[in-house]
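Structure, as structure tokens:
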Amino acid sequence: MQKYTHQLLDSANQIILGKEHKIRLAFCCLLARGHLLIEDIPGVGKTTLAHTLAKLLGLHYQRIQFTSDILPADILGASVFDGKSHEFTFHPGPIFNQMVLADEINRATPKAQSALLEAMEEGQVTIENKTYPLPKPFFVIATQNPSHQIGTFPLPESQLDRFLMRIELGYPDPKAERALLTGQSRYKLIESLSVQLPPEQLQQMQTLVTKVHTSDALLDYCQAIITFTRESSEYHCGLSPRAGLALLSAAKAWAFLELRDAVIPEDIQAVLAAVAGHRLRSGSTDSEAIVAPILAKVAVF
Amino acid sequence: MNSPHFKKILIFLLSSIGLIVAPHIANIPIALFGFFSLVLGWRFVAVWRPQYLPRSRVLLFLTLLALTLLLSQHKHLLGRDAGTNLFILALGLKLLEIKTERDIYLVTYLAFIVAASLFLYQQSLFMAAYILAVCCVLFATLVAINSIEIQTRVALKTATLIILQAIPIAVVIFILFPRVEAPRWMIFEEKNKAKIGLSDSMEPGSISDLGTSEELVFRVKFTGAMPPLKQRYWRGPVLAHTDGKRWSQFNTQLFKGLALTKPSYTGTAYQYTLLMEAQEKNWVFGLDMPEQFSAPLALTGYYQLVTQENSKKRAEYKITSYPQYNTGELTQVEYQDATQLPREPSDKIKQFVTQLHGFDSKPEEFIAQLLTHFRKEDFHYTLTPPLMEENPIESFLFTTKRGFCSHYASAFVYLMRVAHIPARVVTGYQGGEFNGVGNFLEVRQANAHAWAEVWIENQGWMRVDPTAAVAPERIEQQLNLDLLELGGEIRFDPNMINQQQNWLKQMNQLWNSADYQWQRWVVNYDSDNQANFLSTFGIHDFKAMMKWLMILVALITILLSAFLLRKKQKSIAPVLRLYQRFCAKLKPAGLIRTNREGAHDFAQRAKIALPEQADAIEQITADFIQLQYGRVSSREDFVRFAKAVAKFKLTVHR
């Protein structure tokens with residue numbers, strides 16, 4: 001099991017250079033059965049990351065480019081009248097894939113956005129009183145341009161909450177940048193990747209993650225963090241119970257990746273910025289800075 | 001700086017400053033107080049509207065304005081009043097330029113000084129309690145600045161705890177720290193605070209409504225037995241001169257001077273301590289008649305006690321009095337003074353005196369006749385007598401027949417003088433309410449009284465109280481002035497005392513007793529009292545005082561810290577305590593685990609710093625993580641962990 005994850009992360013690091021921690025977080029998010037939001041300016045490798053993960057995990061992959069005129073039907077699919085059989089048949093939309101890349105989600109109107117987010121939350125799509133289950137595993141990577149760019153509909157807090165993690169990729173460091181400039185085309189490299197972790201293995205891992213132990217001492221720390229965000233004047237509103245659950249499951253996945261069978265405070269600290277950043281202050285993109293007061297003031301024990 | 005956190009601190013701070021300056025309203029000119037209130041109000045508004053804060057130029061103008069105001073009120077900047085006012089104005093102006101956290105600290109400390117300055121004006125128990133309460137709020141402000149999250153209740157609780165912890169040390173320092181006499185400028189200038197008390201003269205006919213005041217004049221604590229109520233006459237100024245309406249003291253130098261001969265005393269001696277409230281005059285009201293008294297006191301020719309020291313603050317005197325005495329012979333001057341009449345008495349008066357055998361019998365008989373007349377005829381005691389502007393004595397004796405002690409005393413003395421018997425009016429206090437809680441007598445303005453003194457051959461001056469003849473209840477029972485109805489006559493029915501008021505009265509006595517003890521033991525604790533008090537413990541000199549001060553402060557500090565440390569350690573689980581011991585062992589190597597650092601991260605750091613002990617660190621950390629966060633941990637794990645921590649020793653290679 002350990003071998004799989006190691007190889008997978010290694011291969012991903014070959015494609016996206018100098019972003020080991022972000023890739024690890026992205027995979028951690030996947031293991032915790034959560035969806036991922038990548039927020040960054042265009043061209044830093046958001047799509048490449050999504051594409052690489054899909055390829056390495058051998059998942060059916062579909063990309064939806066969100067535009068301002070996209071409709072819910074364009075995402076979910078629609079029933080179309082079949083002239084031969086004289087009945088409506090459902091044509092599934094691009095969401096019926098194991099891994100969906102929702103590119104530039106904040107360019108779409110709120111109506112289209114909520115169609116996607118509802119599907120994400122329920123794991124199924126209901127059209128005209130008929131329910132169609134989504135495939136398993138189902139993983140959405142949405143990308144979002146920083147909301148101060150023109151022509152965007154920033155996701156409201158309530159919908160940001162649907163994403164387990166939000167990460168920023170950021171510019172590569174000079175060394176990685178040079179390797180990127182001199183190396184092969186990323187597209188070709190992705191094409192040449194082989195599946196490192198088949199879907200069945202992934203699902204098995206996801207089950208194992210939920211079984212990682214959390215002791216009372218750790219839950220104390222977790223609760224201290226949640227209480228702090230609710231009581232501190234740094235934040236408008238604190239972490240919701242759902243956020244608390246998200247934090248714990250992400251920490252479990254992180255502990256799993258670190259080959260531990262119990263979560264330790266360091267695991268929570270590692271995922272805190274990605275899990276709590278967008279829930280505490282949606283406007284800002286610097287998650288590390290948002291959670292810095294928590295890490296500084298909440299005692300580990 | 002505009003975060004809600006900061007806002008809350010500001011509100012805390014401004015409210016406490018408002019509370020601390022409020023009692024100064026009585027002490028500082030209204031213009032300055034108004035200025036301060038305006039500035040405080042401005043700052044309050046600016047908590048929500050920071051844009052309204054003045055710019056530096058406006059601030060400069062305000063400062064100049066404040067200084068001008070101050071100089072216009074005081075003409076200088078020295079002395080208690082000007083100094084305090086300067087402080088308050090500076091505090092107000094500083095409020096307008098709070099920018100950083102440092103400024104808040106500064107303002108808080110300034111507020112503490114303003115709080116202390118309140119004691120320059122008033123040292124009552126109530127004020128002390130008030131200042132302590134406000135200091136609690138100020139401490140809470142300091143607590144709030146330093147906490148992540150401000151919760152008013154928690155901050156106040158912490159502040160109270162801090163104050164409580166400080167009290168033992170404060171008490172020790174109060175008792176043992178050498179008292180320094182206040183420098184001249186600090187001497188309390190209690191301008192209008194002194195009690196009005198009795199005056200130099202009285203004019204009974206011109207008073208139609210005697211105001212009674214519950215204001216305290218003095219307290220008496222008897223060491224032995226207490227004299228019966230009938231003998232509790234507290235002697236004050238003697239009014240011997242009259243112009244027919246007005247009675248006043250003679251300005252003769254002789255009687256201003258000290259008594260030449262002491263009376264001879266007989267009967268029981270009463271020893272007591274008298275605590276005078278601050279007053280304008282230098283009178284001390286000794287029990288009739290004082291025999292022994294200590295240094296600043298002196299007995300005048302009228303047998304009145306006066307103090308030769310500043311009477312404008314409370315003072316304590318030890319006096320011995322005898323109720324029976326003989327003042328002996330009368331000098332020629334005294335005789336003349338005591339029989340002085342403004343003009344020849346009218347025929348009506350003469351006829352009246354003749355009728356009562358004033359001219360043809362012994363003085364004692366005439367006195368008895370006159371008192372009987374007062375008792376038998378339609379004379380009444382009232383605090384609201386009719387006005388008698390012309391011929392007050394005649395109108396009182398023959399027409400109105402209503403009056404209070406001054407009327408009776410003056411009419412009595414006048415008639416005596418008509419009969420050529422030396423007599424004079426003595427003013428002072430009579431009675432006093434016994435405070436059962438503190439075991440002392442409280443004498444109030446309402447106890448003010450006037451009686452007569454008659455000189456009789458072989459007996460000397462003798463006290464006669466004509467009021468007692470008319471209203472014996474006034475003397476023998478304590479008259480409850482609360483029951484007085486304006487315009488009505490006094491009813492001396494003890495059953496009238498409302499049962500419901502009993503507990504109120506008891507509360508009142510309790511409070512008065514506390515205030516008395518406070519005055520006696522705290523406010524009056526000066527260098528003399530300190531020396532007396534400490535010598536009972538065998539501390540006689542400065543060196544011993546300092547030694548004991550150090551020892552007690554150190555002892556209390558050690559006890560408190562031991563208590564606090566123990567309490568803190570108890571709450572930590574054994575695993576964590578062992579781990580903390582491990583961390584402590586790493587400290588000398590410069591490895592200090594911060595609060596936010598988990599064991600794993602810390603171990604990574606430690607392993608890099610101490611490569612040769614990496615294994616031990618790894619093992620201990622792994623065990624700790626297993627014990628603290630792991631799924632299962634056995635007793636053996638704990639024992640192994642404990643042993644490893646115990647065995648671990650920092651080896652530093654240089």
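The chains referred to below are lettered A, B, ... by the order of the sequence lines, with proteins before strands, and numbering in each begins at 1.
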- Message: I'd like to check the side chain to side chain contact (heavy atoms under 4.5 Å, CB included) partners of B/S15; sequence neighbours left out, ordered by chain and number.
- Response: B/I11, B/F44
- Against chain B, work out which of A/A262, A/P265, A/P293 has the most heavy-atom pairs shorter than 4.5 Å and name it. A/P265
- Query: Can you name the residues of residues 600-609 of chain B that have some heavy atom under 4.5 Å away from a heavy atom in chain A?
  - Reply: B/H600, B/D601
- Indicate the ring-plane relationship of B/F641 and B/F638, choosing parallel, tilted or perpendicular according to the 30° and 60° boundaries. tilted
- Query: Once the angle between the rings of A/F139 and A/H35 is folded into 0 to 90°, is it parallel (under 30°), tilted (30 to 60°) or perpendicular (over 60°)?
  - Reply: parallel
- Sequence neighbours left out, what passes side chain to side chain donor-acceptor pair (under 3.5 Å) with A/D161? Give chain and number order. A/R242, A/R279
- How would you list, by chain and number, every residue that makes a side chain to side chain donor-acceptor pair (under 3.5 Å) with B/T108, sequence neighbours excluded? none
- Enter the distance from A/N13:CG to A/E20:CD here, rounded to the nearest 0.5 Å. 4.5 Å
